[in-house]
**Q** 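Pasting a structure below so you can have a look.
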Amino acid sequence: MFKKILIANRGEIACRIIWACRELGIETVAIYSEADSDSLHVRFADDAVCIGPPPSGQSYLHIPAVISAAEIKNVDAIHPGYGFLAENAHFAEVCEACNIKFIGPTPAAIRTMGDKAQAKKAMKEAGLPLLPGSEGVVETIEDAIAIANNIGYPVIVKASAGGGGRGMRIVRNSSELSSAYQTARHEAGAAFNDPSVYIEKYLENPRHIEFQILGDTHGNVVHLGERECSIQRRHQKLIEEAPSALLNQEVRNRVGGLVAKACQEIGYVSAGTIELLFDNDCNFYFMEMNTRIQVEHPVTEMITGIDLVQAQIRIANGEPLGFSQEDVRFNGHSIECRINAEHPEKFTPSPGLITAFNLPGGPGVRIDTAAYLGYTVPPNYDSMVGKLIVHSSSRQMAIARMKRALDVMIIEGIKTTIPLHRRIMDSQDFISGNLSTRFMETFLAQQKAG
Ligand code: ADP
């Protein structure tokens with residue numbers, strides 16, 4: 001097994017990886033920017049290296065600084081977490097060239113899946129259904145018009161290199177297409193340094209349901225069921241749960257089996273997520289694949305009892321999975337609320353000093369956070385300060401548990417999404433499982449109307 005792992009990340013996920021390593025008896029090295037010297041990941045790792053000033057381009061994203069830290073500390077492997085360098089194929093290659101194991105899939109898999117147009121092609125060949133749309137990148141506005149006319153409006157123009165909900169434009173009729181195409185290209189060029197876009201059919205009220213998969217270097221691939229991620233704002237997830245109220249065991253086994261087979265076909269190794277859109281009749285379509293550990297991985301851990309971060313580490317170490325699809329059992333229901341440091345109505349970031357702090361506990365409550373009383377949330381990074389996760393016997397009991405946990409969760413001095421989550425837990429649509437990616441839009445409009 002690895003002796004020492006460098007964690008190329010910060011915040012709650014860096015702590016999460018430290019816990020996984022500690023249980024496996026692996027030493028940890030944290031890296032941090034000058035904005036993060038008071039962070040818990042720095043305090044709790046066995047060793048830590050400051051790698052640069054606050055802007056992530058000069059620290060967490062700066063490959064030479066990360067690799068130098070790894071070499072100075074003589075680590076065997078790097079865990080990238082999510083975000084930052086997690087889906088950077090070049091970084092994975094540099095690790096390999098430096099004889100440091102990258103804990104994740106191969107650079108080739110990261111590259112293919114990082115280009116959404118290419119990913120769709122690969123997954124179609126591997127047997128997953130796609131939404132009608134362009135075959136690959138749309139090079140000209142004339143092509144865009146022809147494709148949109150062919151599939152019918154509404155359509156969505158999406159950045160091939162996209163992520164985080166950026167570079168996406170919904171187009172309801174032909175008069176909007178030209179400007180949407182140009183803006184999406186422009187946004188994609190600015191955000192991802194790649195203006196390529198593709199077009200697909202826009203589904204009006206779909207559910208975002210994703211399947212967790214694990215593949216080892218011996219050709220074994222299993223799926224660990226689905227996560228319902230339809231509660232989103234600006235295409236960003238806010239609440240996730242497992243299992244989805246939409247799927248019964250037959251659909252779960254069928255779709256999960258198809259997804260695992262597709263991943264086996266492309267030789268996928270490590271943890272990965274296949275994101276699908278579902279309509280209410282359980283028709284489903286491949287949307288994209290994420291080649292990293294996800295923010296919402298805990299809900300899957302809660303219902304399967306499988307530690308996904310430890311599984312990633314063991315797989316990177318060359319170990320076989322050690323269990324088969326038949327061994328995977330789903331137990332109860334889990335919900336995760338993302339606690340963001342942001343204004344609950346305006347959704348603008350709210351960094352600053354935490355002046356009062358209380359975390360809920362008790363049966364079935366898990367908190368993944370790097371925040372504490374007296375911690376100052378820096379303005380430089382993602383606004384998520386933690387995740388509140390609950391597990392119980394049924395969806396109804398999980399909601400009750402989440403409500404009682406949120407009631408005693410206190411983070412003051414900054415604004416957070418805690419009050420918003422309390423209101424969502426009381427919403428009739430949420431309680432009845434009546435979800436779609438438009439949920440928040442409707443919910444916020446209803447709240448406004450009082
Ligand atoms: P990103 O990588 O930027 O997060 P995704 O491809 O995962 O982008 O899409 C993010 C979200 O956008 C989805 O969860 C869904 O809510 C919405 N979306 C994307 N494609 C479509 C589509 N074809 N129809 C309806 N909604 C879509």
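Whatever order the structure lists ligands and atoms in, that order sets their numbers, starting from 1. None of the values given here were measured: they were computed from a predicted structure.
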**Q** I'd like to know if E240 pairs up with R338 as an ion pair, taking the criterion as any Lys NZ or Arg NE/NH1/NH2 lying under 4.0 Å from an Asp or Glu carboxylate oxygen.
**A** yes

**Q** If you look only at pairs with a residue in residues 169-201, which of them pass as a ring-ring contact (aromatic ring centres under 6.0 Å, His included), with sequence neighbours excluded?
**A** none

**Q** Between the side chains of E228 and S230, does any donor sit under 3.5 Å from an acceptor?
**A** yes

**Q** Enumerate donor-acceptor pairs with a distance under 3.5 Å from any side-chain N or O in residues 103-116 to protein atoms, sequence neighbours excluded.
**A**
| unit_1 | atom_1 | unit_2 | atom_2 | d |
| --- | --- | --- | --- | --- |
| T106 | OG1 | A109 | N | 3.1 |
| R111 | NH1 | E93 | OE2 | 2.8 |
| R111 | NH2 | E93 | OE1 | 3.4 |
| T112 | OG1 | A108 | O | 3.0 |
| D115 | OD1 | A117 | N | 3.1 |
| D115 | OD1 | Q118 | N | 3.0 |
| D115 | OD1 | S160 | OG | 2.9 |

**Q** Would you tell me whether D429 and S427 have side-chain atoms, one donor and one acceptor, within less than 3.5 Å of each other?
**A** no

**Q** Give every donor-acceptor pair under 3.5 Å between a side-chain atom in residues 6-14 and any protein atom, sequence neighbours left out.
**A**
| unit_1 | atom_1 | unit_2 | atom_2 | d |
| --- | --- | --- | --- | --- |
| N9 | ND2 | P80 | O | 2.8 |
| N9 | ND2 | Y82 | O | 2.8 |
| R10 | NE | D36 | OD2 | 2.6 |
| R10 | NH2 | D36 | OD1 | 3.0 |
| E12 | OE1 | K387 | NZ | 3.2 |
| E12 | OE2 | Y82 | OH | 2.5 |
| E12 | OE2 | K387 | NZ | 2.9 |

**Q** Kindly tell me which protein residues have any non-hydrogen atom under 4.0 angstrom away from an atom of ligand 1, grouped by chain and ordered by number?
**A** K116, L131, I156, K158, G163, G164, G165, R166, M168, E200, K201, Y202, L203, P206, H208, Q232, H235, E275, L277, M287, E288, T437

